[in-house]
Amino acid sequence: MDPRLRPFRSVLYIPGSRSRAMDKARSLDVDAIIFDLEDAVAQSEKLSARQKLCDALVQGEYGARFKIVRINGLDTPWGQDDAVAIQGADALLLPKVNCAADLDALSQLRSDIPLWATMETPQGVLNAVEIARHPQLQGMVMGTNDLAKDLGARDHPTRLPLMTGLGLCVLAAKAQGKLIIDGVFNAFKDEAGLALECEQGRDMGFDGKSLIHPAQVDIANRAFAPSDGEIERAQRQIAAFEAAQAAGQGVAVLDGKIVESLHIVTAREILAKRDAIVATRP
């Protein structure tokens, strides 16, 4: 399936050092997994985590779940070996991407696999357009914790201090037809807060939410899936527009609102997303 058509509602980080967590992920209702060899793994465990992850990927059994591996930075002692060693993943995620040249360096090591970029530095955000244009790039993941740290931004429930950075990255990704995943919500026991942030991210145009705990999966899946009301309205819009066309009219009227061809594009995308969710359900 074309990754742009498949769902990325829930994207769960799992440390590559935790074999039990990687095994449990085979039964979770997540759309994608980020197997993390970077921040979630202590330096003393970097080599063993890489081997554990390689073994898990060889074993497979992750079904339709999209498998992304976040390697260590190429400027670390482990990054280049991570990039070369990983087999069986669907994509490699590079941390702290500041410019397209960072992706070029990874591409020289692995030209055979799609690349993703972690957008978590001010320089990276300012270069989001050139990063999104990289021919091997498939998607972006917001690293909101590191971005907030570098900005010196205060933690705020509305994420107002991060809005400029989030918006610039969404614009860059959408302009190039690339996927973009929202950052994590740290308070994994705060279900109401997570639900609000998921709705905010979806309203902005993010394709899904990165998660730090399995308890967050269901909330993200609901928030980034078409609702029953959206599906019903999409079906009615298509029916009304097709009836108007059959009558020789260029637009339709539904519930007192104009329905044009651009609305039908959105309506068909909603139905396609519903179908893709069903097709990839574990």
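Only a predicted model underlies this, so the values are computations on that prediction, with no experimental measurement involved.
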- Distance-only side-chain donor-acceptor flag, Asp55 / Gln59, under 3.5 Å: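 Note: Asp55 and Gln59 side chains miss the donor-acceptor criterion.
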Note, [X] side chain near [Y] side chain (heavy atom, < 4.5 Å):
{"X": "Val84", "Y": "Gln80", "answer": "no"}
{"X": "Leu103", "Y": "Gln136", "answer": "no"}
{"X": "Asp36", "Y": "Val41", "answer": "no"}
{"X": "Leu151", "Y": "Leu162", "answer": "yes"}

Is it true that Lys174 and Asp207 have a side-chain N and a carboxylate O under 4.0 angstrom from each other? yes
_Sidechain N-carboxylate O distance under 4.0 Å for Glu230, Lys273_ =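 No, this pair does not count.
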Sequence neighbours excluded, the answer for ring-ring contact (aromatic ring centres under 6.0 Å, His included) partners of Tyr62 is Phe35
Please walk me through it: do Asp150 and Thr121 pass side chain to side chain donor-acceptor pair (under 3.5 Å)?
-> CA-CA 7 Å; Asp150 286 358; Thr121 68; 5.6 Å; no
Note to self: Show me the pairs that pass ring-ring contact (aromatic ring centres under 6.0 Å, His included) and involve residues 155-187, at least two apart or across chains.
What the structure shows: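 Sorted pair list comes back empty.
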Show me the pairs that pass ring-ring contact (aromatic ring centres under 6.0 Å, His included) and involve residues 77-126, at least two apart or across chains.
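Every ring-ring contact (aromatic ring centres under 6.0 Å, His included) pair that includes a residue of residues 77-126, provided the two are not neighbours, is Phe8-Trp116.
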Expected output: side-chain Lys209 to main-chain Ile219 donor-acceptor under 3.5 Å |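 Judged by distance alone, no pair lies under 3.5 Å.
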Exercise. Give a yes or no on whether the backbone of Ser19 and the side-chain of Lys52 come within a donor-acceptor separation of less than 3.5 Å.
Key: no
Problem set entry | Test side chain to side chain contact (heavy atoms under 4.5 Å, CB included) applied to Ile68 and Leu92, Leu93, Ile33, the passing residue |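 With Ile68 as partner, Leu92, Leu93, Ile33 yield a single side chain to side chain contact (heavy atoms under 4.5 Å, CB included), made by Leu93.
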Taken in chain and number order and not counting sequence neighbours, the residues that satisfy salt bridge (Lys or Arg N to Asp or Glu O under 4.0 Å) with Asp82 are Arg50
Name all residues meeting the salt bridge (Lys or Arg N to Asp or Glu O under 4.0 Å) criterion together with Asp255; count only those two or more places apart in sequence or in a different chain, and write none if there are none.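 For Asp255 the salt bridge (Lys or Arg N to Asp or Glu O under 4.0 Å) partners, ignoring immediate neighbours, are Arg233, Arg236.
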NE2 (His213) and CD1 (Ile14) are apart, to the nearest 0.5 Å, by 11.0 Å
Query raised in the report: So does Asp228 have more than 12 non-hydrogen atoms from other groups sitting under 6.0 Å from CG?
Result: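 Result for CG/Asp228: open.
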> Counting heavy atoms not belonging to Glu191, are there more than 12 under 6.0 Å from its CD?
Replying inline: no
request  = Sorted by first residue and then second, give each salt bridge (charged side-chain N to carboxylate O under 4.0 Å, His left out) pair with at least one member in residues 151-170; sequence neighbours left out.
outcome  =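 Those involving residues 151-170 are Arg159-Asp182, Arg159-Glu197.
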